[in-house]
Amino acid sequence: MQTENNMPNYWLMKSEPDAFSIDDLAQQGPSPWDGVRNYQARNFMQNMQMGDLIFFYHSSCKPAGIAGVAKVAREAYPDHTSWDPTSHYYDPKSSPDHPRWFMVDIELVEKWSNVLPLSTLKQDPELSDMLLIKKGNRLSVMPIKPNEWQRINTHLKPNNKPR
DNA sequence: GCCAACGTTGGC
DNA sequence: GCCAACGTTGGC
């Protein structure tokens, strides 16, 4: 669904690389982002449109930070793991008739040469408003403002030149 | 492994 | 509708 204009929206999605890393995404191709069980994160995913761009963030590892870029390959649809009793993500209040949880598919755009650490993002005064940096933020899916997207890509993204 | 911060649950 | 208790997130 494309609405007012053709500009992509920008997002950030967190994953623990032990569970699902940017290399896993590269290997698997378009992959479902299942298991989100937070309403705010779900609502953000339901606002995603085909082609929207995503910072793929590695959390709970060192260094935690942005590992590369992905894009939305399928818009929101019901997360079937929510009604699978054998799934770790099972929610008895969700059913095929009344799905409570949704997911999108995402696809790798580029893996960066190095992870851009959270500590670097925190040092940049132009990024001080980022949700990611706010104290206590625990969202696993969040919007990124266009100026933040540009700033990170033009000034902070690790270069890919061989040494 | 610690623990601050947060979201959710459920008794009242 | 309040809020204490609980479970989870995620940087450090």
Side-chain angles (χ1 to χ4, degrees), chain A residues 9-28 31-48 52-72 75-145 147-149 151-153 155-158:
Chain A
N9 299 306
Y10 302 110
W11 310 94
L12 180 144
M13 300 174 95
K14 295 178 183 173
S15 182
E16 299 190 14
D18 286 349
F20 187 73
S21 71
I22 195 162
D23 290 326
D24 295 329
L25 180 64
Q27 273 190 357
Q28 295 180 23
S31 304
W33 199 265
D34 59 6
V36 170
R37 297 293 179 268
N38 170 282
Y39 290 104
Q40 224 182 331
R42 180 202 68 184
N43 295 344
F44 285 136
M45 285 200 297
Q46 290 182 302
N47 287 331
M48 290 183 181
D52 280 2
L53 294 170
I54 301 158
F55 285 136
F56 192 104
Y57 183 93
H58 280 178
S59 65
S60 295
C61 60
K62 63 174 188 178
I66 300 172
V69 173
K71 66 180 178 186
V72 175
E75 294 178 3
Y77 60 106
D79 181 345
H80 57 83
T81 66
S82 67
W83 57 75
D84 173 3
T86 68
S87 170
H88 177 66
Y89 301 118
Y90 177 58
D91 177 355
K93 292 173 181 166
S94 186
S95 68
D97 285 345
H98 296 95
R100 170 173 293 207
W101 302 111
F102 289 76
M103 58 190 178
V104 296
D105 289 355
I106 75 167
E107 184 177 5
L108 183 68
V109 173
E110 62 175 9
K111 178 189 173 182
W112 290 353
S113 59
N114 295 292
V115 169
L116 169 56
L118 176 62
S119 57
T120 302
L121 298 172
K122 284 181 171 172
Q123 285 164 14
D124 189 333
E126 297 200 24
L127 299 178
S128 56
D129 285 338
M130 276 187 84
L131 275 178
L132 180 70
I133 290 173
K134 304 273 178 176
K135 189 169 77 166
N137 170 55
R138 287 167 37 186
L139 268 183
S140 62
V141 178
M142 69 185 79
I144 298 288
K145 299 188 190 80
N147 65 303
E148 296 164 348
W149 182 270
R151 174 73 182 170
I152 290 168
N153 274 287
H155 292 270
L156 300 180
K157 172 183 158 181

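Convention: sequence-line order gives letters A, B, ...; per-chain numbering from 1. The model shown is predicted, which means the values in this text are computed figures rather than measured ones.
The phosphate of C/dC12 has OP1 or OP2 within less than 4.0 Å of a side-chain N or O from A/K122.
Here A/F56 and A/W11 keep their ring centres 6.0 angstrom or further from each other.
Rounded to whole angstrom, the span from the CE atom of A/M13 across to the P atom of C/dG10 amounts to 13 Å. Atom P of nucleotide C/dC12 and atom CG of A/L121 are separated by 11 Å, given to the nearest angstrom. Per the geometry, CG belonging to A/N38 stands 14 Å off C1' belonging to C/dG10, to the nearest Å.
Using modelled atom types and a 3.5 Å distance limit, the side chains of A/D97 and A/S95 yield no donor-acceptor pair. Side-chain N/O atoms of A/Y77 and A/D105 include a donor and acceptor closer than 3.5 Å.
The aromatic rings of A/W33 and A/F20 stand perpendicular to each other, their planes meeting at an angle above 60°, with 30° marking the opposite boundary. Ring-plane geometry between A/Y10 and A/W149 is classed as parallel, the angle between the planes falling under 30 degrees on a 0 to 90 degree scale with a further cut at 60.
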Report task. Decide yes or no on ring-ring contact (aromatic ring centres under 6.0 Å, His included) for A/W101 and A/Y90, but give the supporting numbers first. Result -> CA-CA 10 Å; A/W101 302 111; A/Y90 177 58; over 10 Å; no
Protein-proximity profile, nucleotides 1-9 of chain C, B/S/- by nucleotide at the 4.0 Å heavy-atom cutoff, equals ------BBB
